[in-house]
Amino acid sequence: MQEYTKAAKAFVEEHPTGASAVLLTAGVGLFALRRWLGGGVCRSRASLNGKTVLITGANTGIGKETAVDMANRGARVILACRDMDRANKAADEIRKRSGNGNVAVKMLDLASLQSVRVLAKDVQQNEERLDILINNAGIMMCPRWQTEDGFEMQFGVNHLGHFLLTNLLLDLLKKSTPSRIVNVSSLAHETGKIHFDDINLEKDYNPTKSYKQSKLANVLFTRELAVRLKGTGVTTYSLHPGVIHTELGRHFLPSLPLWKRLMFLPFYFFVKTPWQGSQTTIYCAVDESLQNTSGLYYSDCAPKEAAPQGRDDAAARRLWDLSASMVGLA
């Protein structure tokens, strides 16, 4: 090892210009690679003046970056969050960054159907319109927890809470047409399965298995919702935001052995920032080219074919009926 070090030192001393060029080229190459891995960027300049956007889980990560963008476009932005202290701090930051003071905070705990109903009633009674609903909040690979209503936590929060919220707000969305519903899913849906015979995974719980099921549910929900809303002026979109360095992995990473966490460290250079991760959500929410499409799946600001199980219309209808029964939706 010492011999290699001496040889490298000698080369640098003898060829300072060449060594600088090599380092510069390597640096530019790494920067270009990181930028390429950052994915697509929403180029739409659509204005949202006079429009209202509701975003779940918007106090951190891609949800907060999405909220900043919506506020920059002139929208009234509602942050629907569980932690009100963090949500209020995020709202202050969004107002400062965007120069838009019309940012509101409302309480929402997606692990409680009662909380979902309370928020929906609040929005119905106090908001004149709802142009864009972004179902962004989520939980990833947590231990075997249950929601307030006894559902498996990841399926309950990532799917059932958003399923009920969306359905309760449909009348307001229809009143505000053209309007959009954006569901943040994940590439994880590609290896997911809906366990209809054990939807709460009581027989065989696994954090990864549960997460994949919930993200596949997002894709199927979007697809079936598009069918049911055809001709109403309300369109739906699901998406993969990318691999992002956010708080979403707070349950996953600490569960790994130290040696595995150390192995992940080099990859942090290549994961997306929250701003980069928000771009496909923003694209689905505002891009003019999507106004006549509905029910599709997107990644890196472009359409992408969902996995076969994400295009199963029979499974989508079956999931809808099961979900409606579980949340008590007539």
For N183 and I134: C-alpha separation, side-chain torsions, deciding distance, then whether side chain to side chain contact (heavy atoms under 4.5 Å, CB included) applies. CA-CA 6 Å; N183 295 318; I134 300 176; over 6 Å; no
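- Residues meeting the side chain to side chain donor-acceptor pair (under 3.5 Å) test with Q309, sequence neighbours left out: none.
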Evaluation steps, side chain to side chain donor-acceptor pair (under 3.5 Å), between N158 and S214: CA-CA 6 Å; N158 297 351; S214 71; 3.0 Å; yes
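- Listed by first and then second residue, the salt bridge (charged side-chain N to carboxylate O under 4.0 Å, His left out) pairs involving residues 276-285 amount to none (not counting sequence neighbours).
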Under the side chain to side chain contact (heavy atoms under 4.5 Å, CB included) criterion, do S47 and R73 qualify, and how do the steps go? CA-CA 5 Å; S47 170; R73 295 173 188 272; 5.8 Å; no
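- Residue pairs satisfying the salt bridge (charged side-chain N to carboxylate O under 4.0 Å, His left out) criterion with at least one member in residues 146-161, sequence neighbours excluded, are absent.
- Sorted by first and then second residue, the pairs that involve residues 117-126 and meet salt bridge (charged side-chain N to carboxylate O under 4.0 Å, His left out), not counting sequence neighbours, are K106-D122.
- Y283 and Y298 have perpendicular rings, their planes meeting at more than 60° on a 0 to 90° scale where under 30° would count as parallel.
- Expressed to the nearest 0.5 Å, how far CD1 of I199 lies from NE2 of H159 amounts to 7.5 Å.
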Determine, stepwise, if the pair D312 / R223 fulfils side chain to side chain contact (heavy atoms under 4.5 Å, CB included). CA-CA 9 Å; D312 186 334; R223 191 174 182 88; over 6 Å; no
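- The side chain to side chain donor-acceptor pair (under 3.5 Å) check on E65 picks up R97, with sequence neighbours excluded.
- When each of K272, Q276, H240 is checked for a side-chain hydrogen bond (donor to acceptor under 3.5 Å, both in side chains) with D300, only K272 meets the rule.
- Note: Y297 and H189 meet the aromatic proximity criterion, with ring centroids under 6.0 Å apart.
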C142 and Q154: side chain to side chain contact (heavy atoms under 4.5 Å, CB included), yes or no, with the steps? CA-CA 7 Å; C142 64; Q154 294 187 80; 3.7 Å; yes
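- Between the side chains of N135 and T166, at least one donor N or O sits under 3.5 Å from an acceptor N or O.
- Taking the six-membered ring for Trp and thresholds of 30 and 60 degrees, F163 and W320 have ring planes more than 60 degrees apart, a perpendicular arrangement.
- Each salt bridge (charged side-chain N to carboxylate O under 4.0 Å, His left out) pair with one or both residues in residues 168-188, not counting sequence neighbours, would appear here, but there are none.
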